[in-house]
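Throughout, numbering of the chain's residues begins at 1 and tracks the sequence. Both counts, for ligands and for their atoms, begin at 1 and track the order of listing.
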Amino acid sequence: MAGERILLVEDEPNIARGLLFNLHAEGYTVIHKEHGKDALEAFRQKPPALVVLDLTLPDMDGIEICRRIRMEDPRLPILILTARTQEKDRIEGLAAGADDYLTKPFSLDEFLLRIQGMLRRSGWYREKVEQGDIYTFGNNRIDMQEQTAQTPRGTISLTELEIRMLRTFFSREGEILTRPELLQSVWGVSPDTETRTLDNFIVRMRRYFEEDPANPVHFLTIRGRGYRFVNTVAAASKKKGEP
Ligand code: CA
């Protein structure tokens, strides 16, 4: 959506210039910061609609910035940019609450598509907020409106992307969802390079909601095909004593 405020945190002048130019061309309002401290200050002064965050900054680690933003705003879409390609860095970024990940070098088209997708989902979410909805499975109770969940490990906050993924699974309970379907439905991207992102999200879902994340009973891997969500596990969450 034109005019939406994007906080761009990037210290490499060449990259920043290209991104600024293209974001402006798309009609976004861009606040550009090169330092983590300034970025957090800008975020607190006037929250943006989305954050684009480089991981290696002169004064702070982007992961730390991501974590702090996430603590204050569990719903703000965050796109991480990084030259790091190590799997553990990706997982760390997603664990810190980032919604998506682009590895440098990336194409500007891809970048803009991701931004559009994230903003669209976030707008879609804002409309849904009017209707409260609760979903339960196992020992979990998820409040879609509040983006919180009561789980065997306590109450947690969920990001928009996590809610989006849960909605996809819940609406097609018992069906096999292929990786391309999930990528399309949750991230709005065609399934090409970032397929590990999906696996990392599934790992998170299990860590949040499964009694034993190593032996999931709700978020199942269907080898070679995709994933399946199962609400009711035999002898688990059956209601007793119904008339
Ligand atoms: Ca950098």
Side-chain angles (χ1 to χ4, degrees), residues 4-122 159-162 183 187-190 192-201 203-204:
E4 291 205 84
R5 251 170 96 85
I6 294 181
L7 175 58
L8 171 65
V9 192
E10 171 62 81
D11 62 315
E12 284 156 68
N14 287 333
I15 294 178
R17 206 173 302 128
L19 298 183
L20 272 167
F21 180 84
N22 280 275
L23 288 169
H24 282 148
E26 294 289 312
Y28 298 113
T29 303
V30 187
I31 318 301
H32 175 218
K33 299 293 173 192
E34 297 179 346
H35 289 75
K37 202 168 90 30
D38 299 341
L40 282 172
E41 210 174 282
F43 157 73
R44 285 177 184 133
Q45 259 169 21
K46 192 174 177 193
L50 181 145
V51 179
V52 178
L53 179 61
D54 179 36
L55 281 194
T56 44
L57 297 164
D59 61 331
M60 280 176 79
D61 192 323
I63 297 282
E64 182 56 28
I65 298 171
C66 185
R67 205 168 278 134
R68 291 198 201 175
I69 290 178
R70 196 45 86 221
M71 274 194 300
E72 292 176 39
D73 188 341
R75 296 170 192 191
L76 180 62
I78 302 175
L79 172 64
I80 280 184
L81 304 180
T82 179
R84 302 178 191 181
T85 53
Q86 295 274 313
E87 183 69 4
K88 80 171 171 48
D89 293 323
R90 289 162 168 267
I91 292 169
E92 203 186 357
L94 293 168
D99 296 288
D100 208 348
Y101 214 107
L102 270 179
T103 304
K104 297 173 184 174
F106 50 82
S107 82
L108 282 165
D109 286 343
E110 171 80 4
F111 171 76
L112 290 172
L113 280 174
R114 295 283 179 104
I115 300 250
Q116 276 165 19
M118 291 170 86
L119 286 172
R120 195 176 54 238
R121 287 191 295 273
S122 135
T159 68
E160 265 166 48
L161 209 56
E162 288 166 345
L183 284 165
W187 280 269
V189 295
S190 58
D192 41 23
T193 49
E194 298 294 316
T195 50
R196 293 298 301 168
T197 302
L198 172 57
D199 300 314
N200 294 336
F201 260 77
V203 168
R204 264 158 79 180

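Judged by the 6.0 Å and 45° rule, Arg204 forms a cation-pi pair with Phe201.
Identified under the salt bridge (Lys or Arg N to Asp or Glu O under 4.0 Å) test for residues 31-47, with sequence neighbours left out: Arg44-Glu72.
Excluding water, every protein N/O/S atom under 3.0 Å from the Ca ion (ligand 1) is given here by residue and atom: Asp11 OD1, Glu12 OE2, Asp54 OD2, Thr56 O.
Leu57 approaches Leu53 most closely through the heavy-atom pair CD1-CD1, 4.4 Å.
Scanning for salt bridge (Lys or Arg N to Asp or Glu O under 4.0 Å) contacts around Glu64 gives Arg67, Arg68, with sequence neighbours left out. Here Pro105 pairs with nothing under the side chain to side chain contact (heavy atoms under 4.5 Å, CB included) rule; sequence neighbours left out.
With values rounded to the nearest 0.5 angstrom, Arg120 atom CZ is found 9.0 Å from Leu113 atom CG.
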